[in-house]
*Asks:* 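Here you go, one structure.
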Amino acid sequence: MATNRLSEPSRTRQIAVPTATVAILLVVWELVVRMGFVPNFLLPSPTQVVSALVTDVQLLASHAGTTILEAVLGLAIGVAVGFVAAVLMDRFETIYLAFDPLITISQTIPTVAIAPLLVLWFGYGLAPKVILIVLTTFFPVAVSLVSGFRSVDPDMIDLMRTMGASDLQIFTQVKLPAALDQFFSGLRISATYAIVGAVISEWLGGFNGLGVYMTRVRKSFAYDRMFAVIILISLLSLLLMKLVDLLERVCMPWKHVEGK
Amino acid sequence: MPELEKTPVEGGGVIPALEALDLTLSWDGGEHIVARGISLWVNNGEIVCMVGKSGCGKTTILHALSGLTKPLEGKVLLRGEDFTGRPGSVSYMLQKDLLIPSKRIIDNVCLPLVIKGTSKREAHKFAAMLFERFGLGGTERLWPSQLSGGMRQRAAFLRTYLQGNNVALLDEPFSALDAITRVDMRSWYCEMARSLQMASVVITHDVDEAVTMADRIYVLKGTPSAGVPTTIAGEICVQRDEAMAAGNVTDFSLTPEFVSYKRQVLDLLEDDEVR
Ligand SMILES: Nc1ncnc2c1ncn2[C@@H]1O[C@H](COP(=O)(O)OP(=O)(O)OP(=O)(O)O)[C@@H](O)[C@H]1O
Ligand SMILES: [Mg+2]
């Protein structure tokens, strides 16, 4: 944690360098489009994208609301399911052996492939979207928690037992805090899956949401608005990730202290 | 804090606070024997030391005494009662400090109290009074990662103390401390253990430390990794006159008795090297 502090680049550099890179890329993109190297109907310029974003802001906001609701609901349930699965797998060896390969295999099934099935089974409402997000988000959480629980030094558990600690006390005092670090890296991945999962599920049917909006603007060849919504989606993912980071800081104050 | 019990006396004989009867120890159900024929005892108010070279099985023996592992054969008696394989009644300070990184120092040391059901507030109040005494003043609200190795060891010490049993097992408790602090902590420990009538089993690499602290020294011999199970090569009773309270290196270590005890221990240890 406290290693490498000397060789780490300064905070300003950490912000300035990537900002400059993005700025340069945007300028090049703008120039390429303006000078006609790429036909404008295929690739809108950054300024066109921004103006599309601004014009459609109200419509986008209402669609985004739906998507966020699905994502947050799905993520919350996914985390809860992942947590319960991880605790059971940690507690009962048989459950671990039984489900570990199953969970891994389930992750090789592409989201896009099962989404239409979910629509078929559960209709066009909220349910199929939330289910899809639960299916994609619970995995990183469960896997990171299981390995987090297992990362505890067995000597630590021995020590707890000499104090007469119960299994529940060992879990709450030692295992859970030890797993937090890995849990949050899993949660960060899950958070990005959540928004993308919501959008994908909306492509396949629905009345509201950024995915629905995307399908509509694609059909009308409005590429500037297409780009605008893509940017919005990545912004939302980023925002959710930032929220996870914030939550991590609050939950793990010991991780962010200066070492001695 | 639990009240410390008085040593029960039956028919005139003192029942040891902790006694091991002919333990045979193995980690793999008997395929490789780490130690055999381990019999030892410690009375209330006594400190016994175990010395032996690295890997001879000192930690393995302490694990069995704590009840964390069941010996293949033999029994562990706590005040005459069979406690073999039942952890929770003996304080154990493991070889590593094992502080929980996600808990502040005060919460780390209070853990044994909280586990036993004391409220966090009560536990904090009780422990806070001991921080100065353990050389930990001002570290209450820090995280373990903010402490030096020696400080962490003291915190582990305080936590062990707060386990509150009158039998304590210590696995190289002073090894992470600097020489000066070590002498202080050692004499402090001996004083405290005697005044509280605690029974202690202390592992050490350091022969001087053993002779300084112990009422009795068990010298272990064997190389389990080479298929030679460890046994007790000898037992040395250390007699000190009252003026030279145990743990007081500066006085005792200058006496000819000290040197002769040290010689005895070294002889038993070296015997092992020659073979
Ligand atoms: N948890 C364990 N599981 C399996 N084998 C173990 C375990 N702990 C120790 N051993 C084995 O038991 C033998 C004795 O080890 P032990 O740790 O008791 O030695 P030690 O005397 O405490 O050494 P040191 O002074 O280096 O701490 C070694 O061969 C070791 O490999
Ligand atoms: Mg050891």
Side-chain angles (χ1 to χ4, degrees), chain A residues 1-6 8 83 86-87 90 144-145 147-187 245-260, chain B residues 2 59 62-69 83 85-105 107-118 120 139 141-152 156 159-160 162-165 167-171:
Chain A
M1 190 180 4
T3 51
N4 269 346
R5 202 174 312 126
L6 284 179
E8 234 174 58
F83 184 82
V87 171
D90 180 66
S144 59
L145 272 176
S147 83
F149 292 151
R150 292 182 166 229
S151 72
V152 174
D153 186 343
D155 283 342
M156 190 64 230
I157 292 172
D158 278 348
L159 178 67
M160 292 292 286
R161 293 207 294 137
T162 68
M163 295 180 193
S166 65
D167 282 352
L168 182 66
Q169 283 171 324
I170 291 177
F171 180 77
T172 54
Q173 304 282 346
V174 178
K175 285 194 166 190
L176 196 58
L180 279 184
D181 208 7
Q182 301 202 37
F183 167 74
F184 276 107
S185 21
L187 185 61
D245 284 346
L246 206 71
L247 196 66
E248 188 197 14
R249 279 190 162 266
V250 174
C251 292
M252 303 178 67
W254 61 92
K255 210 187 147 185
H256 302 282
V257 290
E258 285 290 298
K260 205 182 147 78
Chain B
T59 302
L62 228 51
H63 256 62
L65 294 181
S66 75
L68 283 171
T69 51
F83 263 77
R86 282 162 57 190
S89 305
V90 169
S91 305
Y92 188 4
M93 180 167 162
L94 280 83
Q95 208 162 354
K96 321 171 203 171
D97 56 57
L98 292 173
L99 298 176
I100 301 175
S102 57
K103 289 186 187 300
R104 295 180 192 276
I105 297 301
D107 290 314
N108 258 294
V109 302
C110 285
L111 198 58
L113 298 176
V114 172
I115 283 172
K116 292 209 175 86
T118 315
K120 209 167 150 172
T139 64
R141 306 284 306 154
L142 295 180
W143 303 102
S145 65
Q146 294 172 294
L147 260 56
S148 68
M151 294 285 247
R152 293 167 61 99
R159 182 182 56 191
T160 312
L162 288 174
Q163 279 188 262
N165 300 304
V167 178
L169 311 172
L170 312 175
D171 200 341

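As the structure is a prediction and not an experimental result, all values here were calculated from the model. We name chains A, B, ... by the order of the sequence lines, and we start the count at 1 in each one.
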*Asks:* Closest approach of B:K96 and A:D153, non-hydrogen atoms and distance?
*Replies:* NZ-OD2, 2.8 Å
*Asks:* Identify which part of A:Q169 has an atom lying under 4.5 Å from any heavy atom of chain B, answering side chain, backbone, both or neither.
*Replies:*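 Looking at A:Q169, just its side chain touches chain B.
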*Asks:* Kindly compute the distance separating CE (A:M160) from CG (B:L98), expressed to the nearest 0.5 Å.
*Replies:*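 Here the rounded value is 11.0 Å.
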*Asks:* Using non-hydrogen atoms and a 4.5 Å limit, figure out which bit of B:R159 sits close to chain A: side chain, backbone, both or neither.
*Replies:*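 Contact with chain A is through the side chain of B:R159 alone.
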*Asks:* Taking side chain as C-beta onward, heavy atoms only, is B:L94 less than 4.5 Å from A:M156?
*Replies:*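 No, their side chains stay 4.5 Å or more apart.
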*Asks:* Quick check: closest heavy atoms across B:Q163 and A:T162, and the distance to 0.1 Å?
*Replies:* NE2-O, 3.2 Å
*Asks:* So which atom in B:L68 and which in A:R161 form the shortest heavy-atom distance, rounded to 0.1 Å?
*Replies:* O-NH2, 3.4 Å
*Asks:* What residue in B:S66, B:P101, B:S89 has the most heavy-atom pairs under 4.5 Å with chain A?
*Replies:*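 That would be B:P101.
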*Asks:* First locate atom CG of B:D97, then atom CG of A:D155, and finally report the distance between them rounded to the nearest 0.5 Å.
*Replies:*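 It is 11.5 Å, given to the nearest 0.5 Å.
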*Asks:* Taking all heavy atoms of A:W254 and all of B:S145, pick out the closest pair and write down the distance.
*Replies:*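 Scanning both residues completely, I find the closest heavy atoms to be O-OG, 4.4 Å.
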*Asks:* Please round to the nearest 0.5 Å and tell me the distance separating atom CE of A:M163 and atom CG of B:L111.
*Replies:* 4.5 Å
